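All heavy atoms count here, side chains included; hydrogens, waters and symmetry mates do not. On a predicted model such as this, the values are computed, not experimentally measured, just so you know. Both ligands and their constituent atoms are indexed starting at 1 by order of listing.
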Amino acid sequence: MATTISLLALVAVFGTLSYQRASLAAFTGAFFVALAAVSYFGDISLAIWIIAAVIAIPLNITSVRQGYLSKPILNGFRKIMPEMSQTETEALEAGTTWWDADLFSGKPNWEKLHNVPTPTLTAEERAFLDGPVEEACRMADEFEITHKRADLPPELWEFLKTKGFFAMIIKKKYGGLEFSALAQSTVLQKLSGSSAVMASTVGVPNSLGPGELLQHYGTKEQQDYYLPRLAAGDEIPCFALTSPEAGSDAGAIPDFGIVCKGEFEGKEVLGMKLTWNKRYITLAPVATVLGLAVKLRDPEGLLGDKEDIGITCALIPTDIPGVQTGRRHFPLNLPFQNGPTIGNEVFVPLDYIIGGQEMAGQGWRMLVECLSVGRGITLPSCSAGAVKMAALGMGSYTAIRRQFKTPLGKMEGIEEPLARIGGNAYLMGAASSLTTSAIDLGEKPSVITALVKMHLTDRAQKCAIDAMDISGGKGICLGPNNASGRGYQAAPVAITVEGANILTRNLIIYGQGAIRCHPFVLAELNAAALNDDRKALQDFDSALFGHIGFAMSNFFRSFTMGITNGKGSAAPFKDETAQYYQQMNRLSANLAFLSDVAMGVLGGSLKRKERVSARLGDILSQLYLSSATLKRFEDEGRQQDDLPFVHWALQDSLYTAEHAIDEVLRNFPNRFVGIALRAMVLPVGTRLVRPTDKLDHKVATILQKPSAARSRLATDMYLTEEEGNPVGLQEKALRDIIVAEPIFTRICKEDGVRRPFIYLDRVADVALAAKQITAEEAELLKVAEEGRLRTINVDDFAPEDLAADKSLVNQLNQDWRDRANAAPKAKKQVKAKKEVA
Ligand SMILES: Cc1cc2nc3c(=O)[nH]c(=O)nc-3n(C[C@H](O)[C@H](O)[C@H](O)COP(=O)(O)OP(=O)(O)OC[C@H]3O[C@@H](n4cnc5c(N)ncnc54)[C@H](O)[C@@H]3O)c2cc1C
């Protein structure tokens with residue numbers, strides 16, 4: 001018994017030292033002090049001392065440790081090291097890690113998160129948002145754009161160009177706006193609440209495209225020529241990477257360029273003959289300058305001895321003979337300018353390469369580096385904006401629309417999707433804001449931008465489906481009064497572009513995250529790749545033993561916090577949010593521990609086990625979204641009224657993270673390891689639950705009534721109450737109805753009838769005549785009725801207004817008339833036949 005207690009005491013000391021991540025020297029010292037104490041007071045055999053000494057002494061003598069442990073492991077590691085293609089290596093090396101590395105560490109430093117400065121717009125950015133952005137939202141008639149013109153109207157194009165919408169990322173010295181990432185995001189969120197087509201049109205030149213590439217890699221001449229022209233809107237850019245044969249696998253483009261001499265503008269110059277067939281290129285049909293990615297070859301050795309130079313990005317004016325643009329694709333009834341471009345042996349000088357001749361072959365690196373920024377702004381912001389608008393739009397709609405004499409929003413079944421939209425609106429705003437903070441701090445957080453792109457577009461799609469389900473026929477019937485149908489159509493576009501979501505979730509987030517965010521794996525890989533064996537051994541030894549300590553610590557942290565659900569672990573606040581920080585401490589340790597085991601057991605094949613990788617990535621992603629939510633809550637002054645949103649967002653994402661752990665364990669390729677891991681990571685089973693019905697009710701209730709919390713949810717959105725803005729007008733209708741309802745209820749009570757809340761204008765007339773209400777009250781009822789009808793009514797059209805090909809309208813109408821005329825005749829014929837019979 002005494003021996004058992006002594007051994008348990010030693011295990012506890014070992015566990016505590018691991019949990020606290022003591023250094024090897026401190027660990028050894030403290031452990032031997034504990035061993036001495038336990039031997040003195042308890043019962044420890046000499047064998048334990050011998051085992052401890054045999055392990056500890058070689059570990060603490062560097063030359064012995066390196067020579068007898070690290071060296072053979074390094075040799076073995078070199079043999080099984082996963083092979084990486086050039087494009088994978090470049091993708092891995094692009095960008096930086098930031099808060100994602102903390103979440104991956106098993107021990108996030110919450111102080112670091114909360115020390116990130118609270119994001120704020122400059123006075124100039126604020127003025128732009130309240131001025132030109134508000135005006136652009138007013139000018140964009142989404143139904144006219146999507147249905148009648150299949151384009152933005154010319155005056156809106158002109159407005160966007162001249163006010164600098166396409167130059168938000170371009171530096172002031174070139175005439176651009178040089179806005180912060182936060183400002184770009186806020187502008188795009190507001191635009192997307194008004195028109196998805198306009199937001200896409202503005203998003204692309206400010207994301208990955210010629211502007212971004214030129215600023216980072218362009219030669220001085222290229223920058224001086226193009227950037228002022230792009231800033232002034234004199235050039236419309238696009239960027240063409242995707243081709244019919246290479247979509248997700250963009251590195252496999254078959255488009256090529258051959259270095260050769262040729263004649264250009266009357267002179268013989270060194271150049272390249274380009275052949276390409278690209279599709280899906282946003283803005284290509286109207287572009288004046290085409291950013292083009294091709295694989296460059298130099299068969300004649302004109303540039304050196306390398307024949308396959310690699311992916312190269314060039315800027316091609318679209319008026320050069322042979323450049324074909326102009327035709328359009330039709331992306332899901334959201335006709336932003338998008339189309340194919342083709343070129344066959346188009347000769348251009350080598351200085352058309354972005355960055356000039358020396359950047360030939362550097363295209364892939366350029367693209368992944370730039371993508372890591374733009375991907376975190378454009379699509380996540382458009383998604384967040386759309387969901388914020390849906391939260392207010394669906395909130396007001398469900399408060400106004402009644403069935404069974406009850407507002408839709410009071411029905412439990414509606415509360416569920418409504419709460420999902422509300423909770424997501426808070427979380428998505430938070431995630432956009434934290435991500436743009438990172439970018440504004442100079443980071444290029446490639447893992448974070450991939451995960452926010454994937455998860456925010458995914459959540460937006462789910463919210464768009466929820467909004468459609470809630471609004472029923474009102475969402476289905478397109479027209480100027482429909483605020484949800486186009487968002488529903490837009491969702492798959494955002495899912496597919498800038499890294500299609502399935503691929504991003506299964507390959508990119510964790511694939512890059514595990515190597516980049518892990519504190520030791522990249523160091524081990526780099527060390528193993530070194531040619532200098534001495535240096536390789538030193539670096540590998542330091543990374544390896546850091547790694548072992550890290551894994552041991554995460555094992556103990558996972559196990560103990562699995563029992564306590566993180567209770568007692570570090571949390572920067574002692575209020576109702578403390579539980580979430582503590583649960584995240586636990587989930588972070590789980591992620592780190594599971595990652596080490598998965599990498600250890602599966603090795604290079606983890607890359608091919610996409611579903612394991614996707615779920616591990618989900619844990620990281622949900623931790624990021626959760627921490628962004630807590631950061632927002634703090635940045636906005638810990639508004640108590642916002643707590644239902646905070647609770648909803650945290651409970652939803654942490655539940656999803658834990659569910660991902662459960663699924664990793666259930667589907668772990670090695671069943672035995674899966675079962676053993678479950679005992680270590682979920683020793684008492686899963687602990688977290690989805691948001692309760694009661695919490696859904698609280699969130700749904702906030703959305704249905706004006707309040708500060710509700711307004712904060714949609715700060716800086718286009719909610720102006722004016723013609724052409726159905727959500728803005730619905731806000732007014734909601735307020736009017738809230739004022740009118742008590743008057744209506746009073747009349748019903750006096751009459752002793754429970755009337756449906758319709759015909760408020762007629763009720764007003766009758767009640768006024770009966771002197772039950774004043775003239776002002778009658779007016780309030782009438783105004784409310786007007787808003788109510790505008791909210792619930794849908795658009796209808798003359799048949800010819802819906803036909804895209806007007807030349808067919810007359811023919812179609814004639815066909816219908818013929819069928820109508822034929823119908824009674826058919827009946828007569830049947831009757832005649834019967835009579836004959
Ligand atoms: C409206 C629109 C605008 C666009 N704008 C541009 C632009 O301006 N410039 C440009 O260059 N390109 C643009 N694109 C192209 C876009 O980036 C590609 O559509 C995207 O990369 C996916 O390629 P794909 O459509 O060929 O799908 P595919 O590559 O055929 O993929 C189909 C599905 O398979 C999944 N998948 C593929 N590989 C894997 C894997 N290894 N594991 C798991 N799942 C996988 C994908 O996630 C996707 O769900 C645009 C596309 C659209 C639709």
Side-chain angles (χ1 to χ4, degrees), residues 85 87-88 91 146 150 166 196-197 199-213 236-255 276-287 289-294 311 313-316 318 325 327-342 363-364 366-368 370-371 374-375 378-379 382 450 453-454 457-458 461 486 489-512 605-615 617:
S85 66
T87 48
E88 277 176 309
T146 51
F166 298 149
V197 175
S200 311
T201 307
V202 170
V204 168
N206 287 297
S207 186
L208 176 64
E212 178 80 349
L213 293 170
I236 300 273
C238 69
F239 193 82
L241 172 65
T242 307
S243 72
E245 303 302 342
S248 301
D249 188 8
I253 43 171
D255 314 283
W276 71 91
N277 175 12
K278 304 284 191 182
R279 67 176 180 185
Y280 305 150
I281 310 306
T282 301
L283 294 186
V286 294
V289 55
L290 169 73
L292 185 69
V294 293
I311 295 182
C313 297
L315 275 187
I316 316 292
T318 53
T325 54
R327 291 192 63 77
R328 295 181 64 178
H329 298 306
F330 191 20
L332 275 176
N333 257 318
L334 281 165
F336 56 89
Q337 293 285 348
N338 180 283
T341 167
I342 295 175
W364 190 253
M366 287 157 70
L367 293 177
V368 286
C370 289
L371 185 65
R375 184 169 56 186
T378 306
L379 293 166
C382 291
K453 186 274 160 182
M454 191 255 126
T457 54
D458 182 65
Q461 186 179 45
R486 296 295 183 195
Q489 290 179 319
V493 176
I495 297 269
T496 300
V497 301
E498 296 202 6
N501 275 7
I502 298 180
L503 170 111
T504 305
R505 175 169 175 255
N506 284 268
L507 279 190
I508 309 290
I509 297 174
Y510 187 76
Q512 292 192 8
S605 71
L606 178 56
K607 203 163 82 173
R608 289 182 294 279
K609 292 281 167 208
E610 288 193 354
R611 299 190 71 180
V612 175
S613 177
R615 287 166 180 140

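Under the 4.0 angstrom criterion, atom 12 (N) of ligand 1 counts as having a protein heavy-atom contact. For atom 30 (O) of ligand 1, no protein heavy-atom neighbour is found at a distance under 4.0 Å. For atom 1 (C) of ligand 1, the protein comes within 4.0 Å by at least one heavy atom.
Here the protein heavy atom with the shortest distance to atom 26 (O) of ligand 1 is Gly247 CA, 3.3 Å. The nearest heavy-atom contact from the protein to atom 45 (C) of ligand 1 is Leu503 CB, 4.0 Å. In this structure, atom 50 (C) of ligand 1 lies nearest to the protein heavy atom Tyr280 O, 3.2 Å. If you check which protein heavy atom lies closest to atom 44 (N) of ligand 1, you get Ile502 CG2, 3.6 Å.
Residues Thr378 and Glu498 have side chains that never bring a donor and an acceptor to within less than 3.5 angstrom of each other.
Proximity of Gln337 to Thr201: side-chain heavy atoms (C-beta onward) are nowhere separated by under 4.5 Å. Counting only heavy atoms from C-beta outward, the side chains of Ser200 and Val493 never approach each other to under 4.5 Å.
Checked by distance only, ligand 1 and Pro331 stay at 3.5 Å or farther apart across all their nitrogen or oxygen atoms. Between Thr496 and ligand 1, not a single N/O pair is under 3.5 Å apart. Between Asn506 and ligand 1, no pair of N/O atoms sits closer than 3.5 Å. Polar contact check, Leu241 against ligand 1: a nitrogen or oxygen pair lies under 3.5 Å apart. In terms of N/O distances under 3.5 Å, ligand 1 is approached by Phe239. Remark: ligand 1 and Ser248 share an N or O pair separated by less than 3.5 Å (distance only, no angle test). Below 3.5 Å of separation, one finds no N or O of Asn501 facing any N or O of ligand 1. Close N/O approach between Glu610 and ligand 1 is found [any backbone or side-chain N/O within under 3.5 Å].
When each atom of ligand 1 is checked for a heavy atom of Leu507 under 4.0 Å away, the hits are 41 (N).
Residue Asn338 touches ligand 1 through its side chain alone, judged by heavy-atom distances below 4.0 Å. Neither the backbone nor the side chain of Thr504 has any atom closer than 4.0 Å to an atom of ligand 1 (non-hydrogen atoms only). Of all the heavy atoms of Val493, the ones lying under 4.0 Å from any atom of ligand 1 belong exclusively to the side chain. Of all the heavy atoms of Phe330, none lies under 4.0 Å from any atom of ligand 1, so neither backbone nor side chain is involved.
Screening Asp458, Ile495, Thr457, Ile509 against Thr504 for a side chain to side chain contact (heavy atoms under 4.5 Å, CB included) leaves a single residue, Ile509.
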